[in-house]
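Below: one structure, written as structure tokens.
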Amino acid sequence: MSGKKDFKLTDDLIKEALDLELASVDAPPSDQLWQAIEARLEGAPAPSKRYAATWNRIAAVAAVFFLLVISTVILSRSLQLPSPSSDLVIMPIEPFKEVVVLDVEDKTIVPQDEPAVFVQPEETQKPVVTEEPETASEIGIAEEEEVAEESVAIAEADLPEAPEKTDKTEATKKPDAADSETQQPAEKPEQPKEAEPEELEQPVVVAEADSPEKKEGSETSEESDQPEVGDDHLTDNDKPFDDREKTKDAGEILIASEPGPGKRAEKAPPDWPTSLPGGYLYKGMVDLKSKSEPLYKAAVYRSESADLLLVKSEDQSEELTVFVDRLSKKMQILLTEDEEDLSTICPDLKTCSGLAWEKNGRNQALLVLFGSVEEEELVDILMKLE
Amino acid sequence: MESEQIVRLVDKNDNEARRALFEAYYKRTYAVAYNILRRRENAEDITQDAFIKAFQNIKQLQDKAKFGAWLAVIASNLARNYLKREKRILLTDELPPPGVERYSDDVEEEALRGLAIEQVRDAIRSLPPEHYQLVVLQYYYDLKVDEIAAMLKLRPGTVKSRLFRARNKLASLLELEDGSACLLE
């Protein structure tokens, strides 16, 4: 811009510019605004607010949808509705579990031999068993409910394995459990008892039975079951968070039960906390890359309402302001340095808040990736973290 | 006059006093909200909300002479909160047209000053809301650092450093050719 250095930025200049700027805005007619204000002050219902209405509608729809889902799940679990389709839903569950259990014991993979052929002690079983592929998804759902935190992806990942690992003995046991009344009463009580507490998690563990890495996986899931059982599949440190989300969508997500292509589900790396104050649990690592600038390692932490990103720079010679600038570029948001080595990310391009500080010569930042987290809360987290 | 109206309003819940205060301040309150939001409808809503909050909480205002600044703080806080909720990217397509012509027919010096003012205005529009809020309070409402700190519930040191940074930001914005691109710098 020409003439950009022809003047000095004085207080008078700012004042004058600000006066003009505020005066140049065309305000709406005062009567119109005043009537609305007066009506609201006199207790009349507020006119529909353009900015609030959208959110209210979204919130209401989300709440209704959430209630519907919750109530449906609760109802289906507690009542197990005796609908015409209930046979299709409930009966295959136990055979499925049993297949899994036996497979663990045998540690063998038997080629799939048309389970429908073997599973038919009675004629009535035929339609049920032949529909196994369809009901498999329902099984997944049922198991997901039991395990609570395990994602559908876990159940889906196990589904292809179940039919592969069937064998004749397994298959012939299916109807025993499935028949549930007539055939073998002696076996039946065992199955639910054994199956309920353990087998519910078997789909996770069983997949590892075929792999030498099984023990590690089960250990991690046990150790981290307080942080969250369902989170295990997200502790893949080497994968960017977004990528993992994508693979999750694609049904390829790595879970604790799966050997995976050379990558193990791990906890947070040694230098990184497994959780942040305020209920934020470690979710995974992210590399913040950009051309000709140092790579920053970052970890994603998630609570029920927000995601935080903890970023660390390896470069000890890097000044905090440089770090903030580089991070700003990487995050495509603006950072400005704040008092006492804390930085506030300005909501210029998108609203995002965060703090940056220096510790032991290493610059760090805590950013809000998702959700609304007040600056004060971030400072609290930082203080407790330090 | 304004203090009288405010006292009347506090004492009697006087609607006329409210109206007088509204007439005196609504334009600049609307302008503050608009400059943060860049959406006329939303700025109107925020202006309404700001006046209602101000009228309902006017007893909390200790220095009645600071009503305008207090109202600006309420409006800008509401606007910032709205932006946070919306996660809206600021757009510049609704910016008011520059008023260069005001100065272009005067002597050269004044024309240059007018040009400079327009550049400063552009830079002010590009300020982040939290910096814009401080600049308005200091340069438009002539509040001191302590007063701003009290209104925003910040420490004076924080206000000082933010004001300093706001000025630096203005300066850096003025050196860039594209005011919007500089936000990523």
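Keep in mind the model is a prediction, meaning the values are calculated, not measured. Lettering of chains follows the sequences in order, A, B, ..., and the numbering in each one begins at 1. The basis for the numbers below is simple: all heavy atoms, side chains too, and nothing from hydrogens, waters or symmetry mates.
In this pair, B:F55 and A:W34 present their aromatic rings perpendicular. The plane angle is above 60°, beyond the 30 to 60° band.
Under a 3.5 Å cut-off, the side chain of B:R40 and the backbone N or O of A:P28 do not form any donor-acceptor pair.
B:R167 is listed as a side-chain neighbour of A:D11, based on a closest heavy-atom distance under 4.5 Å. B:D49 has its side chain within reach of A:R40: a pair of non-hydrogen atoms, C-beta onward, lies under 4.5 Å apart.
In this structure, chain A has heavy atoms under 4.5 Å from both the backbone and the side chain of B:L170. For B:N168, no part lies near chain A; criterion is any non-hydrogen pair under 4.5 Å. Using a 4.5 Å cut-off between heavy atoms, B:Y140 touches chain A through backbone and side chain atoms alike.
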Any chance you could lay out the salt bridge (charged side-chain N to carboxylate O under 4.0 Å, His left out) test for B:R19 and A:D31, step after step, and finish with the verdict?
-> CA-CA 10 Å; B:R19 178 71 194 250; A:D31 286 344; 2.7 Å; yes
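Rounded to the nearest 0.5 Å, atoms OH (B:Y26) and CD1 (A:I37) are 10.5 Å apart. To the nearest 0.5 Å, atoms NZ (B:K27) and CG (A:L22) are separated by 13.0 Å. One distance of note links CG of A:L18 with OH of B:Y132; it measures 6.0 Å at 0.5 Å rounding.
Counting all heavy atoms, side chain and backbone alike, A:L20 lies closest to B:I117 at CD1-CG2, 3.5 Å.
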